[in-house]
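Just so it is clear: chains get the letters A, B, ... in the order the sequence lines come, proteins before strands, and each one is counted from 1. Below, all heavy atoms of this structure are taken into account, side chains as well, without hydrogens, waters or symmetry copies.
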Amino acid sequence: MGHGTTHPHDVVIIGGGGAGLRASIAIAQENPGFSVACVSKVYPMRSHTVTAEGGAAAAIKPNDSLEDHIYDTISGADWLADQDAVEYFVNEAPAEMVQLEHWGCPWSREPDGSVAVRPFGGMKIERTWFAADKTGFHMLHSLFQTTLKYGNIVRYDEHFATRLLIDGRGRCRGCAAIELRTGKVRAVLGKAVIVCTGGAGRVFPFTTNGSIKTGDGMAMAYRAGVALKDMEFVQYHPTGLPGTGILITEASRGEGGILVNRDGHRYLQDYDLGEALDVSDPRHPQKRAMELGPRDRLSQCFMKEMWAGRTIETRDGHVVHLDLRHLGEAKIDKKIPFVRELSRNYAGIDPVKKPIPVRPVVHYVMGGIDVDGDSATGVPGLYAAGECACVSINGANRLGSNSLTELLVFGAQAGRHAARFAMDNPDCDTADLEAQAEDEGDRIRRAWFGAPSGRGERIAALRTELHDAMEDGAGIYRDAGSLRAACDKVAELKERYGGVALDDRTNSFNTELTAALELESLLDVAEAMAHSGLERTESRGSHQRLDHTERNDDDFLAHSLAFREDGAPPRIEYRPVTITKWPPGARTYGAGSGLKKRPKGDAA
Amino acid sequence: MPAEQTMTLEIFRYHPETDSEPRFQAYEVPYDEDWVVLDAINWIKDHVDGTLTHRWSCRMGVCGSCGMMVNGDPKLTCAAFLKDYYPRPVKVEPLVNFPVERDLVVSLDGFMEKLEAVKPYIIRDDVNDTSGGEYLQSPAELARYKQYSMCINCMLCYAACPVAGHEDEFLGPAALALGHRYNRDSRDRGRAERLDVMLAGEAIWGCTFVGECTAVCPKHVDPAGAIQQAKAVAAQEYFRRFAMPRGAKDAGA
């Protein structure tokens, strides 16, 4: 594992998914003279944005309003979102979505040629733009292909970033990254850095997330002293395929699909989510109700049905049925063809003929790197955007179809702010940074290639124990005992991590080494999740405590901030949520729920 | 309980630092009828041999990482089920027609250059001006190119193509289909620029229309059809530019 040469750029972006690519273009446009480095552990089109299915929200239709999108997002977040950030997000969303349309995204269309929208969970009005049911795929490829226009975007494909480089004045100046092909550790340097590395669903055993979603960027920022915010809030999507965890999009319910228990009963009506209208009723599917309730509530309802013995037991755990048969073959093939393909391939079920077995599955991390409304962290020159960041617009529960839009809005914003920071702070001394990258290469070589082979634990053994601890301890419902057990297990695994040994001591494309480094990221992220969950003694959104069942705004209308401590549990602090015009209220779903009257002042 | 059923994977191994030539290594894996070939490879990596090297991520057929030769056919290994091969051994090799980096990992360098060459983005002057709202595009106009936008860049078509392996100038199925996708998009004004690339040398003419690319595509894109249509357009364009020089002026429409 030798040292690579140093590469000076103006802005360094870590991560080549939706947020990183959108940021790259924003910088390339903001300053065409700038060199933008895009460092990614995979080729950009492999990034996990590619798997998003259902759509991206932006209020553009005459029957919609920015205020409704804001209120749906804030109430969906169980009032843990920062309201100034949500207003900014909703206001910027339409222009960003039109921009992606101009860049070639093949949005599904109305007969008049305008962009079509569909209903989504927790949204009062249909406002979700979609490209059939491969929206993330089309967004990612449109963004990636558009970056190819810009000669000043320099890609570092298959470079695994391991450490943020901070100069003597505390400013973030780049990253150390392993070039996978050669094993060389390079310093990729710039005047500002944006982390866009996505989420960390792989902390859990059963997840929609691809293998690459290991929270590397979150962990790098955490180790650099930045807090991880609201990490106790992890979203379970209510409809994953058993066994694989492959996502069946919420769009299947947006198009009219229903959820039934073992008795064929639409059980959501028993949990304060509204009335079960007949599927032939023209008002079905009703927005902000029943199958179009928010994801946290639907996943919690599943658990209660399971406890009551009304789910269906299979080899791969308990399931309920997602029934699409009444939609008919033509509509399924036109609106959600990927759902049919995935169900046939991975569940052996044709949804035209049979209901799809589904169960809740870890899907999204609401928390992330603590950034302010300008996507800036507390470290000068360091920004973050996308799932790895926590602005926060998602609070205690993200609404479906807000995250793809978030990539665009905050990716672009982070790009512009980082570019301006780089323009305003041009002077740099790179000498110490190159030494830091060399040290990082030496550290990795000593840690992984030094010990004799064949003596030590396997990566998979620790990863499996981590999975079990997090699923058991920090799942849909938790309590002090389960969270404490998860905290203890993570601490034990961090101790044992030093005893992991690799079979592979070679340089070229050493994916066993990267798997070991990913495990280290997972452990750091899991630590923040479990401890933040233990400290929050209330129930809110996706964080449901069996020992503290009510929301407690007096003590916990606040973001948790987990700061890493060497060799000790993280320090948890709190920061009040920013409330502008929407005071915390009861979170209701069912007929007529949603924004009742306009708040005082002009919302947007 | 019956004894655990197993099956054999014979996997191509090559390490540039230690091997002068490739070899095959056999691994015994548990047989599970729900498993895909990728699951078996991951099981080996996790439990038996950490040096085995491959790419993967989404395991749902959309990220395009895990294409390999399975018993000689280009496949997404996340969509190739063990039950379709059991109980016979399965031979797993890296995609052919690409240089091997290590084991099952091939180099994408040439492929990425070809993708970039076809200018796969909307070309028009007002492309960054969002003030007028979306460009209108009817469902019929969308349907003209939609199929060609479904490519996941898994490169199976290059492994299946009898030309891609030996004709470097040939842009290949996925890149040509992508260029064709933008040429057919009603929002685009860049066809003439793109045809400059597609007309050059063997860029498109190398295709002998065997159709294997379309047959192996896991996403039902029809690169062969795209290439035939593009050839017709290119032939027209070629005629306009060189036989009727004055006709070239309005070629971009």
Tell me which of these, [options], has more heavy-atom pairs under 4.5 Å with chain A than the rest.
options                        : result
B:P120, B:C58, B:S138          : B:P120
B:E141, B:M112, B:R181, B:E116 : B:M112
B:V62, B:T18, B:L142           : B:V62
B:I122, B:D185, B:D46          : B:D46
B:L115, B:D129, B:I123         : B:D129
B:N153, B:L52, B:V36           : B:N153

For [X], is it the side chain, the backbone, both or neither that has a heavy atom under 4.5 Å from a heavy atom of chain A?
X      : value
B:D34  : side chain
B:H54  : backbone
B:V118 : neither
B:R59  : both
B:N42  : neither
B:C151 : backbone
B:K119 : neither
B:Q137 : both
B:V105 : side chain
B:P16  : side chain

When [options] are compared by non-hydrogen pairs under 4.5 Å with chain B, the top option:
options                       : value
A:R315, A:E110, A:E341        : A:R315
A:H48, A:M97, A:R463          : A:R463
A:K134, A:H141, A:R181, A:M45 : A:R181
A:G113, A:S47, A:G210         : A:G113

Testing the basics here: between [X] and [Y], what is the closest heavy-atom pair and its distance to 0.1 Å?
X      : Y      : value
B:Y121 : A:T146 : CB-CA, 4.1 Å
A:G16  : A:L140 : O-CD1, 4.2 Å
A:F206 : A:P242 : CZ-CA, 4.1 Å

Please tell me whether [X] and [Y] have a donor and an acceptor in their side chains that are separated by less than 3.5 angstrom.
X      : Y      : answer
A:D316 : A:T314 : no
B:R102 : A:T506 : yes
A:T208 : A:H237 : no

Is [X] close to chain B through its backbone or its side chain, or both, or neither, when contacts mean heavy atoms under 4.5 Å?
X      : result
A:F509 : both
A:P111 : backbone
A:K213 : neither
A:E96  : neither
A:L342 : side chain
A:R458 : side chain

Exercise for the section: For the residue pair B:F12 and B:F24, categorise the inter-ring angle as parallel (less than 30°), tilted (30 to 60°) or perpendicular (more than 60°). Expected result: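 Perpendicular: the ring planes of B:F12 and B:F24 meet at over 60°.
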
Practice task
Look at the rings of B:F81 and A:Y346 and say which category their plane angle falls in: under 30° parallel, 30 to 60° tilted, over 60° perpendicular.
Solution key: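 Tilted, since the angle between the ring planes falls between 30° and 60°.
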
Practice task
Report yes or no: is the cationic atom of B:R124 (NZ for Lys, CZ for Arg) closer than 6.0 Å to the six-membered ring centre of B:Y135, at no more than 45° off its axis?
Solution key: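 Here B:R124 passes the 6.0 Å and 45° test against B:Y135.
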
Practice task
Would you please name every residue forming a side-chain contact (heavy atoms from CB on, under 4.5 Å) with A:Q29, sequence neighbours left out?
Solution key: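 Partners of A:Q29 under the side-chain contact (heavy atoms from CB on, under 4.5 Å) test: A:I25, A:W103, A:Y150, B:N128.
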
Counting C-beta onward and ignoring hydrogens, is there a side-chain heavy-atom pair between [X] and [Y] closer than 4.5 Å?
X      : Y      : result
A:F144 : A:T49  : no
B:I44  : B:Q25  : no
A:H102 : B:R187 : no
B:P74  : B:L95  : yes

Problem - Qualifying residue, where the test is salt bridge (Lys or Arg N to Asp or Glu O under 4.0 Å) with B:D103 and the options are B:R55, B:R13, B:R23, B:K45 - result: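 Exactly one candidate clears the test, B:R13.
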
